[in-house]
Enquirer: 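Before we start, here is the structure in question, set down as structure tokens.
Note that ligands are numbered from 1 as they come in the structure, with each ligand's atoms numbered from 1 the same way.
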Amino acid sequence: MTEDDPATRFASTAEQYAVYRPEYDDAALDYLRERFDLDGTGRLLDLGCGTGRLGVALAPHVDAVVGVDPNGAMIDHARERARVADASNTEWLVGSDADLPDLADELDPLRLTVMGRSFHWMAQERTLDTLQEITEPGGGVALLSDTEWLARGTADWQDAVYEVVAEFLEDPPERTGPIEYDDPWAETLADHGFDTARRAFAVDREWDADGVVGYLLSLSFCSPAVLGDDRERFEEAVRDRLEGFEAPFEEDATVEVVVGQQ
Ligand SMILES: C[S@@+](CC[C@H](N)C(=O)[O-])C[C@H]1O[C@@H](n2cnc3c(N)ncnc32)[C@H](O)[C@@H]1O
């Protein structure tokens, strides 16, 4: 197993991911429901589904959901989330974007494929080639991302947390603050014949120290596996630094949705 193996990248984070990664904003999900006519019919694919957040939230609005993720622990969490939510129209498979061509016949036709914080891990051209073939007219693809705050948040408490992370990690991501990227994903979708649109949804979040520590451990580059024996010292150091700030720690977040429609 290597860090580049899609099955292992998040292998030690599933627990923290399930509990501490924020939910997607309801407004973003409502947008998808309206845009793609999710009226209780059609099949939805949640590719790179992780703990099943998107698939389970959208399950009441489609006929069937198939969630696919290379990480078996994530899939276990997704099944449990579906059980608790009584989402019996869901199916959860261990697999990755590389399996999509083999699954195509079984998935055809798809109303909507959602990829939440996962498209960047995939062979994007091949994935969209396959999806373009098996998506029904009016259906499409939605790429959701939730800006990772450690690198791009602007609050003082986030600066302080970043300093601790940078002490412990050999190669932390650069702390850039908010930066506007060109939108290569919209272009990639357009190149595959999809009509594209992009929406951003502002969300205010509040964190406590447990949430901050859990969130950090859910990040692939700061996972329990990456921290190894330093994990306990790391958690203590984050909590110590946060004592200099008044809880709750506030975050102005943005959930971005790029859609492509057939
Ligand atoms: C940041 S998590 C997002 C999980 C979920 N979609 C969400 O929005 O909460 C990224 C997920 O992508 C999965 N992943 C990584 N490489 C992948 C690949 N090549 N194909 C499909 N999923 C992949 C990981 O296992 C992980 O569960």
Enquirer: Is it the side chain (CB and beyond), the backbone, both or neither of Met74 that lies under 4.0 Å from ligand 1, heavy atoms counted?
Expert: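 It is the side chain that touches ligand 1; the backbone stays farther off.
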Enquirer: Please work out which of Val94, Ile75, Asp69, Asp146 has its closest non-hydrogen atom nearest to atom 26 (C) of ligand 1.
Expert: Asp69
Enquirer: Quick check on the 6.0 Å ring-centre criterion: do Tyr20 and Tyr215 meet it?
Expert: no
Enquirer: Give the atoms of ligand 1, by number and element, whose distance to some non-hydrogen atom of Ser118 is under 4.0 Å.
Expert: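 Those of ligand 1 that fall under 4.0 Å from Ser118 are 12 (O).
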Enquirer: Tyr24 to ligand 1: N or O pair under 3.5 Å?
Expert: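 For ligand 1, there is an N or O atom that lies under 3.5 Å from one belonging to Tyr24.
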Enquirer: Taking Gly214's backbone N and O only, do any of them form a donor-acceptor pair with Gln16's side chain (distance below 3.5 Å, no angle check)?
Expert: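 Flag not set: sc Gln16 to bb Gly214 has no pair under 3.5 Å.
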Enquirer: Counting C-beta onward and ignoring hydrogens, is there a side-chain heavy-atom pair between Arg83 and Val56 closer than 4.5 Å?
Expert: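 Of all side-chain heavy-atom pairs linking Val56 with Arg83, none is under 4.5 Å.
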Enquirer: Which of the atoms of ligand 1 are close to Gly116, meaning less than 4.0 Å from one of its heavy atoms?
Expert: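 Here the atoms of ligand 1 in question are 3 (C), 4 (C), 5 (C), 6 (N), 7 (C), 8 (O).
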Enquirer: Indicate the ring-plane relationship of Tyr31 and Phe201, choosing parallel, tilted or perpendicular according to the 30° and 60° boundaries.
Expert: tilted
Enquirer: Touching ligand 1 at all, Leu47? Heavy atoms, strictly under 4.0 Å?
Expert: no
Enquirer: So does Leu128 get a backbone contact from the side chain of Gln132, meaning a donor-acceptor N/O pair under 3.5 Å?
Expert: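 Not at all, since once roles are kept as given, no pair shorter than 3.5 Å links the two residues.
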Enquirer: Quick check against the 3.5 Å criterion: does Ser223 have a side-chain atom that pairs as donor or acceptor with the backbone of Leu219?
Expert: no
Enquirer: Below 4.0 angstrom from a heavy atom of Asn71, which ligand 1 atoms are there? Numbered from 1 as shown, please.
Expert: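 The atoms of ligand 1 under 4.0 Å from a heavy atom of Asn71 are 25 (O).
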Enquirer: Salt bridge (charged side-chain N to carboxylate O under 4.0 Å, His left out) between Arg205 and Glu250: does it pass, once the steps are laid out?
Expert: CA-CA 6 Å; Arg205 296 194 179 121; Glu250 291 177 3; over 6 Å; no
Enquirer: When you measure from the side chain of Asn89 to the backbone of Val62, do you find a donor-acceptor pair of N or O atoms at a distance under 3.5 Å?
Expert: yes
Enquirer: What part of Ser220 sits under 4.0 Å from ligand 1 if we count only heavy atoms: the side chain, the backbone, both or neither?
Expert: neither
Enquirer: Mind checking whether Arg117 has an N or O less than 3.5 Å away from an N or O of ligand 1?
Expert: yes
Enquirer: Please work out, at 4.0 Å between heavy atoms, whether the side chain, the backbone, both, or neither of Asp97 comes within that distance of ligand 1.
Expert: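 Under 4.0 Å from ligand 1, Asp97 contributes backbone and side-chain atoms.
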Enquirer: Could you pull out, from Pro70, Gly50, Ala78, Ala98, the option with a heavy atom nearest to atom 23 (C) of ligand 1?
Expert: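 Minimum heavy-atom distance to atom 23 (C) of ligand 1 goes to Pro70.
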